[in-house]
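Both counts, for ligands and for their atoms, begin at 1 and track the order of listing.
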Amino acid sequence: MILVTGAAGQLGSDLVAALVGLHGREAVLATDLRTCDQMARSGADMATLDVTDPDAVQTMIQDGAFEQVYHLAGILSARGEKQPDLCWTVNVDGLKNVLNAVRGTKTRVFWPSSIAVFGPDTQRHRTPQVTVTNPTTMYGVAKASGEMMCDYYARKYGVDVRSVRYPGIISYGVPPGGGTTDFAVDMFVQAVKNGQYTCFVRESTRLPMMYGPDAVKAALDLMAAAPSSISVRTSYNLTAFSFSAEELAAAIESRVPGFVCEYEPDFRQAIADTWPEVIDDSRAREDWGWHPDYDITAMVNDMLSHLVDPANSHV
Ligand code: SER
């Protein structure tokens, strides 16, 4: 059995569908604070789970005899700045509850970290795997702390926990909520709907990004890798491509003629300004064979084909 927390979210909904495709409906238990239509569509078993409740997490994981847990429940960066206490509780205490619940078992855990672990002191171009982090958002502080906790639980208790530092994830299913890289998804949706988008970061803002199917593939590949191939127990740098907001707008405009993007940066600009522009993910490529399937052109074409005609679904 495989447990997924945060299954109603942007990544969780696509990952659950992929896991059901690989292992069958009975093999996957999709959980979130509330169940929803998107979770139901995958056909997986569903349950409610509040990851901040240690007893609930312990009971679920003990009772379930799970081989794998994909612990995705989390609060993203922009919402984290509005609700820093909640961000810490969900992102750090929630992770600790999961790690404690699997201690002494053979359960393998996947937990997403983020490019947000990096901060203004970090080298922004080809950011190395091991480097100064010093994040300045609560989301980044929580992810950096979580990474160290994963490494600690792996060394001290032998917990087989694996993690990647996701860049911005672009996908057409469940929209992201409360993130800084959400502008990339919003831009697609508004281009198709209205032919116009007002972007909340300035045009020159360049960030590492990845298409949703590659984000799912990374989680599945890392979890399938032999334990001996995993040399990083904090979290692996991971990327597919980087673009500026205006480069994405131009790529969309070439497929959606007449699309107009305007720029009105808000508080999320300050968050984006502290993150890397381009990440070096060579350790993930060497250790467990990471490589993205989608470059920016393939991503733009696929996104637009699904948004214009939702029948073209992967799932
Ligand atoms: N996509 C996330 C965010 O913008 C970063 O990991 O918050």
A student comparing Val185, Leu76, Thr181, Leu207 should find that the heavy atom closest to atom 1 (N) of ligand 1 comes from Thr181
Open item on the list: Below 3.5 Å, N or O to N or O, backbone or side chain included: is there any such pair between Trp275 and ligand 1?
Closed with: no
Note to self: Test your reading of the structure: does Asp182 have an N or O sitting under 3.5 Å from an N or O of ligand 1?
What the structure shows: no
Taking only heavy atoms of [X] into account, list the atoms of ligand 1 that are under 4.0 Å away from them.
X      : result
Ser77  : 3 (C), 4 (O), 7 (O)
Thr180 : 3 (C), 4 (O), 7 (O)
Ser114 : 5 (C), 6 (O)

Q) Looking at the rings of Trp288 and Tyr236, which for Trp means the six-membered one, are their centres under 6.0 Å apart? A) yes
query: Less than 4.0 Å between a side-chain N and a carboxylate O, is that true for Arg202 and Glu264?
result: no
- Test: Asp293 and Lys217 ion pair at under 4.0 Å: yes
Classify the side-chain pair Asn194/Gln190 by whether it contains a donor and acceptor separated by less than 3.5 Å.
yes
Query raised in the report: Going by atom types only, do Arg283 and Ser231 share a side-chain donor-acceptor pair under 3.5 Å?
Result: yes
